Q: 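Please see the structure below; I have some questions.
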Number of protein chains: 2
Amino acid sequence: MVKITDVARHAGVSPSTVSYALSGKRPISEETRRRIEASIHQLGYSPHAGARALASRRSNVLALVIPLRAGIHVPVVMQFAASVVTAARQHDHDVLLLTQEEGEAGLRRVADTALVDALIVMDVQLHDPRLPLLRALDRPSVLIGFPQSSEGLTCIDLDFRAAGELCVEHLAGLGHRVIGLVGSPPEVYVRETGFAQRVVQGFTAAADRNRLSSSVRPCESTPAAARRVAERLLREQPALTGVVVHNEPILEPVIDAFEGLGLRVPGDLSVTAICPDELAELVRVPVTSIAVPAAEVGAGAVDLLMKKLGGGCAPEATLLSPRLTVRASTLPRP
Amino acid sequence: MVKITDVARHAGVSPSTVSYALSGKRPISEETRRRIEASIHQLGYSPHAGARALASRRSNVLALVIPLRAGIHVPVVMQFAASVVTAARQHDHDVLLLTQEEGEAGLRRVADTALVDALIVMDVQLHDPRLPLLRALDRPSVLIGFPQSSEGLTCIDLDFRAAGELCVEHLAGLGHRVIGLVGSPPEVYVRETGFAQRVVQGFTAAADRNRLSSSVRPCESTPAAARRVAERLLREQPALTGVVVHNEPILEPVIDAFEGLGLRVPGDLSVTAICPDELAELVRVPVTSIAVPAAEVGAGAVDLLMKKLGGGCAPEATLLSPRLTVRASTLPRP
DNA sequence: TTCCTCCGTCGAAGCGCTTCGACGTCCCGC
DNA sequence: GCGGGACGTCGAAGCGCTTCGACGGAGGAA
């Protein structure tokens with residue numbers, strides 16, 4: 001293994017000079033830097049991560065806690081993870097993957113052993129048991145998602161309430177008066193996952209504001225459940241002409257179900273969804289939708305963390321505004 | 001921060017004794033160990049990962065390279081990742097997440113900086129550009145998936161060839177004489193991803209062996225493509241009564257497509273798939289299938305790595321035998 | 001009883017890096 | 001012409017842990 005002293009000797013300088021040349025924390029003359037870089041290259045030097053972490057008290061590793069629970073849509077989680085990794089790399093950090101299995105103990109472990117400098121936590125519940133720990137930890141953290149109160153924390157996410165509202169406003173703007181929400185699986189609400197509830201709140205608030213008749217139905221992520229929910233919505237509100245779907249796996253099944261009940265999309269029924277663009281575009285009738293901007297959220301989370309690591313302070317709440325992409329599934333009410 | 005010297009002082013022993021008590025690398029009397037454990041608990045000590053890595057030349061971190069490319073089925077990847085993390089934790093290791101973005105440079109970086117002790121690489125191509133690097137690296141690695149030649153490497157995966165064969169044998173055993181394979185998206189074959197090709201090989205070999213008439217069609221992961229492929233298969237082989245699907249996202253669309261063409265499943269057409277059990281069970285007609293045993297593969301990969309890290313040697317190839325679960329989608333030929 | 005071995009513990013020497021204070025040197029302003 | 005910065009570099013002191021050799025004492029064999 002080639003170490004910094006080898007490089008130093010080869011370049012005819014002291015180890016500290018090599019270190020400074022590498023970190024840029026002190027000025028180094030152009031010529032010396034060049035020599036050092038050449039030596040590094042020739043010798044194939046790469047600094048030992050452990051030694052660096054020990055001496056600098058920075059591991060340059062972030063922890064990412066990903067959810068693997070029922071009812072979550074895996075591809076979206078993966079998008080988050082990928083964007084976090086990419087963003088972290090841009091800041092010269094790596095990402096340690098934690099699952100929720102280990103729970104709070106895992107968070108505490110990686111933080112206490114200084115394995116990581118900071119933490120990113122996904123799939124936050126309204127009353128998440130990890131919150132006290134995160135508040136108490138000496139390492140900064142960012143939550144992707146919002147608990148009941150973000151006090152003393154740093155949270156970032158799509159503004160799901162606004163997303164729910166925006167879907168309704170879009171439908172209302174097209175003249176629809178009777179609308180329904182096909183929601184996430186019941187367990188997601190039972191767990192009090194913030195984003196699902198917030199969509200419902202936004203949906204309901206906007207419906208009331210626009211004096212629309214509305215109803216909300218959680219729905220298991222199976223085609224059969226989709227059919228049941230469609231039937232039920234239609235039975236309760238026969239004049240239904242607009243639907244919002246917040247449940248990725250059954251977007252297409254829901255549309256199929258309504259068509260099976262004799263409603264053409266978008267002829268008789270306008271459909272909007274909160275789901276990734278790829279999904280919305282893949283459906284038989286491309287669906288007007290609001291995407292979760294996973295890349296932005298991931299990058300934003302990392303940026304917030306870097307700010308905190310740099311000693312700066314970060315806002316408690318960062319809400320990204322929803323953007324609705326109009327596709328073929330929504331039309332003015334006939 | 002509480003360190004090992006603090007624990008040592010508190011317990012009235014030397015730091016090395018604490019270290020040995022923790023690692024078990026030398027015998028420590030029952031009583032001393034108890035005192036040390038008590039001190040650790042009271043003081044809330046956790047060893048500094050960086051210091052440990054520096055002194056012991058082991059970071060206790062594994063790198064996991066996950067694929068994020070077109071045509072791969074994300075939930076399966078996630079299952080692998082989760083099982084790797086779980087297995088790694090059981091061996092007191094953590095997992096560093098790498099995406100393929102950084103490519104070979106990323107592998108080299110985490111290996112050379114001693115950030116990780118070993119590597120797990122997923123989504124291996126037949127002629128994967130990373131192979132020479134993995135062979136040359138001074139750190140052990142395990143591939144999940146098989147390249148053309150596994151010489152000098154350690155690979156583990158479901159035996160996809162056997163899986164393809166098993167699907168055919170099952171259909172042949174039921175009396176079907178004309179069968180088709182709805183494969184993965186074309187780009188997966190173009191990339192020469194081993195597992196997809198091996199299914200085709202197994203399918204073809206078993207079909208020939210059983211003197212079945214067979215044909216193979218790659219298929220994009222969209223319902224429209226599924227419909228086209230179904231039509232085409234049927235046009236070419238009007239007597240078709242058996243189909244193998246190796247393309248998770250369109251399993252249900254393929255069945256819909258055939259039913260749309262007038263074939264009842266399983267009445268007129270038997271369908272088997274290579275896909276996760278959850279998916280196979282979720283379809284309208286539960287599908288006879290072979291699952292990729294993600295948990296086993298992940299755990300196996302970690303075990304192999306641990307063996308190599310312990311100085312042992314690991315077999316170049318570990319193929320897990322496919323297991324076929326019979327469900328409602330296959331029946332004897334009428 | 002003597003010698004040897006094994007057990008349990010200690011002290012010290014690093015592991016490879018960063019960082020702090022110090023020390024010339026050069027240049028600028030007065 | 002001289003004081004004072006800024007610049008560029010060095011040496012040394014750790015960062016917190018593991019590990020190696022050593023050592024005293026207990027116990028068994030001869």
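A, B, ... follow the sequence lines: proteins, then strands. Residue 1 opens every chain. Only heavy atoms go into these numbers, but all of them, side chains included; no hydrogens, no water, no symmetry mates. Note that the structure is a prediction, hence the values are computed from the model and not measured.
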Q: If only side-chain N and O atoms count, and only distance matters, is there a donor-acceptor pair under 3.5 Å linking A:Asp159 with A:Ser321?
A: no
Q: Can you list, by residue number, the residues of residues 7-26 of chain B that have a non-hydrogen atom closer than 4.0 angstrom to DNA chain D?
A: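 Contacting residues: B:Ser16, B:Ser19, B:Tyr20, B:Lys25, B:Arg26.
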Q: Strictly below 4.0 Å, N to O, side chains only: are B:Asp6 and B:Lys3 in salt-bridge contact?
A: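 No, B:Asp6 and B:Lys3 are not salt-bridged.
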Q: If you count every heavy atom of other residues, nucleotides or ligands that lies below 6.0 Å from B:Lys308 atom NZ, does the total exceed 12?
A: yes
Q: Starting at the 5' end of DNA chain C and moving along, which residue's nearest nucleotide shows up first, B:Leu54 or B:Ile28?
A: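 Mapping each residue to its closest nucleotide by heavy atoms, the 5'-most match is B:Ile28.
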Q: Any salt bridge linking B:Arg108 with B:Glu104? Criterion: basic side-chain nitrogen under 4.0 Å from a carboxylate oxygen.
A: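 Answer for the salt bridge query: no.
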Q: Contact class for A:Pro47 (heavy atom, under 4.0 Å): base, sugar-phosphate, or nothing?
A: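 The residue A:Pro47 makes sugar-phosphate contact but no base contact.
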Q: With heavy atoms of chain A within less than 4.0 Å as the criterion, where does contact along DNA chain C begin and end?
A: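 Result: C:dG16 to C:dA22.
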Q: Among A:Leu158, A:Leu320, A:Ile156, which residue meets the side chain to side chain contact (heavy atoms under 4.5 Å, CB included) test with A:Glu296?
A: A:Leu320
Q: Does either side chain, that of B:Ser29 or that of B:Thr32, offer a donor lying less than 3.5 Å from an acceptor on the other one?
A: yes
Q: Quick one: does A:Thr154's side chain get under 4.5 Å of A:Leu143's, heavy atoms only?
A: no
Q: Run the salt-bridge test on A:Arg57 and A:Asp117 with the 4.0 Å N-O cut-off and return the result as yes or no.
A: no
